[in-house]
Amino acid sequence: MILQEEMTILSNVKIAPRVFRMVLQGEMVLDMNVPDQFLHIRVPSPDKVLRRPISISEYDRKTKTCVIIYRVEGPGLADVSQMIPGQKLDVMGPLGNGFNLNMPFPKQKALIIGGGIGTPPLVQLARDLVAMGIAVTVLLGFAQKPAVILESEFSAVASELKIVTDDGSYGRDGNVGVLMDEIDVLDFDAVYACGATGMLRAVASRTENHPNAFISMEARMACGMGACYACVVHVAGDETGQQALKVCDQGPIFRTSEVVI
Ligand SMILES: Cc1cc2nc3c(=O)[nH]c(=O)nc-3n(C[C@H](O)[C@H](O)[C@H](O)COP(=O)(O)OP(=O)(O)OC[C@H]3O[C@@H](n4cnc5c(N)ncnc54)[C@H](O)[C@@H]3O)c2cc1C
Ligand code: FES
């Protein structure tokens, strides 16, 4: 069910350059039950009418709280970053399909690959998989040391966690492609990735024939609910170029082989 709610901001803290962690509380959390659905957030400025889609990083139904982690790219999220505890944030959600947790089974292995600001929704995913008895290997890539986020959250649950930075200022030098080349990606029972387009392509090229490889896609959004077709991506293998899928309600999670990245 899609809800709209004035959620209460419990905290809104800068955790890296331009990156903020916001804790929200509200009834909507009771509807959150799969990782990487997203919230469509109204910016608290009347001149900015389009909502901003932001992934749910963690949720806890007991305390009715959820966490979003966002990077300020333009004036909209800059306004959100100024909001303080006690203020209300107008939110629609939870939206989107979320990561499919039915694919790996207890005692199987899952690979999680995250890049930059694509890592937040993978926190809940990693926790949920581990709670199901699945061993989780996590590969994360960031631009540089100050941009590294969520290391302690992932290391708390992952069987193995490897971090790379583009400039080598933290962890290994390079991108997650380097780390993927060191393991047998096809040996994992499920693969999940969220990050920049180039990273998703690198994951897709290594998982073409994998039955359970999933990516989280981004697209410019307007309605966020499947009505306006602003957010379409093309279907892989469609020679007519006419078939499209909507990221907001048919995604944001797709099989790597399903869409043109
Ligand atoms: C499903 C989904 C989940 C996302 N999750 C996160 C997240 O967890 N953390 C995070 O930092 N960012 C996330 N993004 C990207 C985020 O929505 C944009 O960076 C943000 O909307 C930019 O807003 P702004 O006000 O900072 O920039 P502005 O430049 O002021 O935004 C202008 C307009 O462009 C849209 N826009 C700009 N960039 C994007 C983009 N990459 N994707 C979609 N719309 C965009 C905005 O919604 C807005 O309508 C997600 C995007 C999608 C589609
Ligand atoms: S944003 Fe309107 S259909 Fe997806």
Side-chain angles (χ1 to χ4, degrees), residues 2 4 7 12-24 32 34-59 66-83 89-99 112 114-126 140 142-143 147-150 153-154 192-200 214-235 243-254 259 261:
I2 296 166
Q4 181 176 357
M7 295 186 86
N12 190 22
V13 177
K14 193 174 188 180
I15 58 169
R18 292 194 292 133
V19 178
F20 293 78
R21 180 181 193 271
M22 180 183 276
V23 181
L24 292 163
M32 297 178 187
V34 279
D36 201 7
Q37 288 186 293
F38 67 94
L39 299 179
H40 218 18
I41 288 168
R42 182 180 289 285
V43 173
S45 328
D47 59 320
K48 301 185 185 80
V49 287
L50 287 180
R51 289 172 180 267
R52 271 49 171 176
I54 301 292
S55 305
I56 300 163
S57 178
E58 302 169 42
Y59 58 81
C66 67
V67 175
I68 55 171
I69 294 176
Y70 60 94
R71 186 170 64 203
V72 173
E73 298 293 345
L77 291 179
D79 290 350
V80 173
S81 74
Q82 300 301 313
M83 296 182 81
L89 187 67
D90 179 342
V91 168
M92 268 173 46
L95 295 165
N97 56 356
F99 277 115
I112 291 180
I117 199 65
T119 51
L122 301 170
V123 171
Q124 185 74 44
L125 173 70
L140 303 180
F142 299 94
V148 175
I149 52 171
L150 301 169
E153 283 83 347
F154 284 107
Y192 306 90
C194 186
T197 306
M199 194 206 88
L200 296 183
F214 302 94
I215 47 167
S216 182
M217 294 282 287
E218 277 193 20
R220 294 266 168 162
M221 290 187 181
C223 73
M225 303 173 64
C228 74
Y229 285 77
C231 65
V232 292
V233 288
H234 291 286
V235 173
Q243 292 179 38
L245 290 165
K246 290 173 282 180
V247 171
C248 68
D249 73 340
Q250 293 169 297
I253 314 301
F254 299 99
V259 287
I261 303 169

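Whatever order the structure lists ligands and atoms in, that order sets their numbers, starting from 1.
- In this structure, of Ser45, Ala196, Gly74, the residue bringing a heavy atom nearest to atom 27 (O) of ligand 1 is Gly74.
- Polar contact with ligand 1: absent for Met217 (N/O pair, distance under 3.5 Å).
- Among protein heavy atoms, the minimum distance from atom 31 (O) of ligand 1 is reached at Arg52 NH2, 3.5 Å.
- Given atom 3 (S) of ligand 2, the protein heavy atom at minimum distance is Tyr229 N, 3.1 Å.
- Shown here, atom 18 (C) of ligand 1 is out of close reach of the protein: none of its heavy atoms lies under 4.0 Å off.
- Taking distance alone, with nitrogen or oxygen atoms compared against 3.5 Å, Pro121 stays at or beyond that limit from ligand 1.
- Taking a cut-off of under 4.0 Å to the non-hydrogen atoms of Ile117, the atoms of ligand 1 that pass are 9 (N), 10 (C), 11 (O).
- Less than 4.0 angstrom separates some heavy atom of Arg71 from each of these atoms of ligand 1: 10 (C), 11 (O).
- Proximity of Pro75 to ligand 1 is established by a heavy-atom distance of less than 4.0 Å.
- The shortest N or O to N or O distance between Ile54 and ligand 1 is not below 3.5 Å.
- Classification of the Phe99-Tyr192 ring pair by plane angle, with boundaries at 30° and 60°, yields perpendicular.
- At a 3.5 angstrom cut-off on N or O pairs, Tyr70 does not count as close to ligand 1.
- For residue Cys231, no N/O/S atom approaches atom 2 (Fe) of ligand 2 to within less than 2.8 Å.
- Each of Asn97, Ile253, Val232, Val233 was scored for a side-chain contact (heavy atoms from CB on, under 4.5 Å) with Val247, with one residue passing: Val233.
- Taking atom 1 (S) of ligand 2 as the reference point, the nearest protein heavy-atom neighbour is Gly224 N, 3.2 Å.
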Report the C-alpha distance between Arg52 and Val80 in whole Å, list the side-chain angles of each, state the deciding distance to 0.1 Å, and finish with yes or no for side-chain contact (heavy atoms from CB on, under 4.5 Å).
CA-CA 10 Å; Arg52 271 49 171 176; Val80 173; over 6 Å; no

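- Distances from ligand 1 to the non-hydrogen atoms of Arg51 include at least one value under 4.0 Å.
- Of all the atoms in ligand 1, the ones that sit under 4.0 Å from a non-hydrogen atom of Met221 are 1 (C), 53 (C).
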So Leu24 and Leu39, side-chain contact (heavy atoms from CB on, under 4.5 Å) or not? Walk me through it.
CA-CA 11 Å; Leu24 292 163; Leu39 299 179; 4.0 Å; yes

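- Residue Gly76 has at least one heavy-atom neighbour below 4.0 Å for each of these atoms of ligand 1: 25 (O), 30 (O).
- Counting protein heavy atoms only, atom 41 (N) of ligand 1 is closest to Glu218 OE1, 2.7 Å.
- Using a cut-off of 2.8 Å, one finds that Cys223 contributes no N/O/S atom close to atom 4 (Fe) of ligand 2.
- Residue Ile69 places at least one N or O, backbone or side chain, under 3.5 Å from an N or O of ligand 1.
- The proximity of Ala219 to ligand 1, defined as any non-hydrogen pair under 4.0 Å, is limited to the backbone.
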List the steps and the verdict of side-chain contact (heavy atoms from CB on, under 4.5 Å) for Ile68 and Ile41.
CA-CA 11 Å; Ile68 55 171; Ile41 288 168; 3.5 Å; yes

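- Close approach of ligand 1 to Glu73 (heavy-atom distance below 4.0 Å) involves ligand atoms 19 (O), 26 (O), 27 (O).
- Using a 3.5 Å distance cut-off with no hydrogens or angles, the side chains of Asp90 and Gln4 do pair a donor with an acceptor.
- Distance alone, capped at 3.5 Å, places no donor-acceptor pair between the His40 side chain and the Leu50 backbone.
- Of all the heavy atoms of Ala227, the ones lying under 4.0 Å from any atom of ligand 2 belong exclusively to the backbone.
- Exactly one of Ser57, Ser216, Pro94 qualifies for a side-chain contact (heavy atoms from CB on, under 4.5 Å) with Asp36. That residue is Ser216.
- Side-chain contact between Gln37 and Tyr59 is absent, with no heavy-atom pair separated by less than 4.5 Å.
- Listed by atom number, the atoms of ligand 1 under 4.0 Å from Leu50 heavy atoms are 49 (O).
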Give the C-alpha distance, both sets of side-chain angles, the deciding distance and a yes or no for side-chain contact (heavy atoms from CB on, under 4.5 Å) between Leu77 and Phe20.
CA-CA 10 Å; Leu77 291 179; Phe20 293 78; over 6 Å; no

